Amino acid sequence: MSEPIRLIPYPQFLKPISGEFVWNKPNLNFDAPYFEEANFFTNHLPGLLSIEHDEERPCKICLVAEKPQSARSEAYQLKITPSEIMLTAASTAGMFYALQTLLQLIKSQSPKENTTIISLPCMEIIDQPRFSWRGFMLDEARHFFGKKTVKQILNWMAYLKLNTFHWHLTDDQGWRLESLKYPLLTENGAYRENSQTSGLLQKKTNNLPHGGYYSQADIREIVSYASERHINIVPEIEIPGHSLAALAAYPSFGCTGGPYQVTPFWGIHKEIYCPGKKGTIPFLEDILKETIDLFPGKYIHIGGDEAPKNRWKNCPDCQSLSNQLGLNRVNDLQTYLTNHFTQFLASHNRHTIGWNEILSPQLNPDTIVQYWVGKEKTLLQQIRAGRKTILSNYRAYYLDHGYLHSPLDFVYKYEPVSPDLEPEFHENILGIETPLWTEFVPNKARLDWQLFPRLFAIAETAWLMPEKKDNEFFKSRLKNFLPEFDQNNILFAPPETWEPPQWKRLWGWPSLLQAQTASVNETK
Ligand code: ACM
Ligand code: ZN
């Protein structure tokens with residue numbers, strides 16, 4: 001059998017044509033709107049093509065702007081014939097994806113002996129994504145990776161046509177975003193003495209201080225780097241829970257007044273922001289204002305998950321606010337906060353997202369929900385009622401889980417949209433996102449292992465219509481990416497770990513309570 005055409009995500013429509021295009025330093029011409037995409041592409045292939053505007057010379061690679069005709073703005077067409085390569089799109093994003101497809105094809109071919117000449121099989125592709133939200137989330141609060149790693153991730157995301165980088169920048173174990181108004185957030189909140197190394201059932205720690213943060217200049221640099229790759233960044237500022245690092249820096253915003261410490265321990269912590277204290281909401285508004293100034297995208301994530309209300313119940317300030325607002329229960333202060341910040345962000349032209357714990361009958365209909373666990377029936381009712389939703393079911397899409405719990409075939413085959421949801425409501429699903437929480441991801445080697453290759457499976461689900469997906473075909477293409485992983489020093493999980501036998505998968509659930517310790521370098 002001949003090798004499959006090595007593309008992930010696979011296009012919606014691909015028809016092979018006979019013949020091949022011999023790549024011999026062709027010239028590339030582009031219609032004016034695609035100047036940046038053409039440059040980006042050319043920079044990725046140093047010495048392999050020349051870029052020019054010469055109207056006289058017939059182009060070999062032509063970037064053609066067409067009138068928008070498809071409802072989907074990210075659509076493109078790519079036609080490779082023996083004489084030329086035509087890329088057509090109605091938007092810069094569509095052209096960017098056309099070029100990523102071409103780049104994947106070029107990188108799948110080895111040069112003929114002693115030359116740089118490659119040839120591409122001829123084909124015709126008509127393509128557009130299934131979902132408009134194709135996301136990956138990185139938790140840098142539990143472990144800080146820094147600019148180099150983030151840029152590498154953004155490169156792979158672009159290559160896989162993922163367009164949303166959700167950046168989890170604050171949590172109990174660290175605050176990673178410089179604030180000019182509240183410098184202690186990073187001076188104190190970005191560092192901890194040590195880290196939990198045991199699984200969740202024990203509390204063993206190492207003695208290694210850990211920390212780091214992004215300056216505002218770093219953030220601007222990364223936002224611009226992402227934007228060149230047609231990736232939008234969604235920053236997450238956790239409210240009201242997962243906020244110990246902030247409270248360690250500014251204890252007066254907690255119910256008890258502290259003192260608090262940036263914690264080395266994972267899990268759920270009872271110290272959360274006190275909405276009853278006069279300064280807390282203005283403080284959070286200031287932080288969100290600085291966040292908006294740094295991140296030009298339309299969406300801001302305010303967390304909302306795993307916020308225990310024990311402190312609120314025993315806090316006179318929370319009780320007094322709750323009474324003043326006429327709430328039935330002090331717990332309802334969370335919906336009050338979420339609605340408050342939804343309105344605040346809307347007044348700055350931003351949409352608010354929160355994890356599905358924010359769902360309640362009084363929740364603002366405009367607040368977007370990111371679903372990860374639990375109450376699926378409630379979620380479906382909300383989607384039917386018009387709530388915009390992002391799907392990140394932890395069972396399939398939490399990439400911090402090991403391959404025993406989330407084997408490659410399971411991740412690939414998982415269909416994110418419930419069969420119980422009637423088609424007329426599908427438009428309320430913005431798309432899918434795969435989070436990498438990093439409690440047990442202390443370094444780049446572990447990060448690579450968890451992401452590669454499962455990120456490829458999710459990218460294909462985000463792009464390709466479900467009836468066109470095929471796990472065996474996917475894997476036959478995936479295997480031909482392994483040399484590219486090696487060239488880029490990616491310490492991917494090796495193929496023998498991807499799909500463990502059924503009996504080993506029984507260990508999948510209990511394995512979640514453990515630190516993921518399967519040796520990353522075992523096979524390298
Ligand atoms: C979450 O996993 N706590 C959103
Ligand atoms: Zn309180």
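Source: prediction; values computed, not measured. These numbers come from the heavy atoms of this one structure, side chains and all, not from hydrogens, waters or symmetry mates. Whatever order the structure lists them in is the order used to number ligands and atoms, beginning at 1.
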Ignoring hydrogens and geometry, is there a side-chain-to-backbone donor-acceptor pair from Tyr214 to Ala217 under 3.5 Å? no
Starting at OH of Tyr397, measure out to OH of Tyr414 and round the result to the nearest 0.5 Å. 6.5 Å
Just distances here: any N/O of Glu357 and N/O of ligand 1 closer than 3.5 Å? no
Does Lys469 count as lying over the ring of Phe474, i.e. NZ or CZ under 6.0 Å from the six-ring centre, within 45 degrees of the axis? no
Could you list which atoms of ligand 1 come closer than 4.0 Å to a heavy atom of Trp437? 1 (C), 2 (O), 4 (C)
Trp507 and His405: aromatic ring centres closer than 6.0 Å? no
Is the closest N or O pair between Tyr398 and ligand 1 shorter than 3.5 Å? yes
Tell me, please: is Tyr394 in heavy-atom contact with ligand 1, that is, under 4.0 Å? no
What number of protein N, O or S atoms occur at distances under 2.8 Å from the Zn ion (ligand 2)? 4
Nearest-0.5 Å distance, CZ of residue Phe452 to CG of residue Asn488: 8.5 Å
So that I know where these two stand, are Phe485 and Phe456 an aromatic pair - ring centroids less than 6.0 Å apart? yes
If you have a sec, work out which protein heavy atom is nearest atom 3 (N) of ligand 1 and how many Å separate them, to one decimal? Asp305 OD2, 2.6 Å
Do the numbers put Arg454 on top of the ring of Tyr403, so that NZ or CZ is under 6.0 Å from the six-membered ring centre and no more than 45° off the axis? yes
Given 3.5 Å as the limit, does a donor-acceptor pair link the side chain of Lys277 with the main chain of Ser252, or not? no
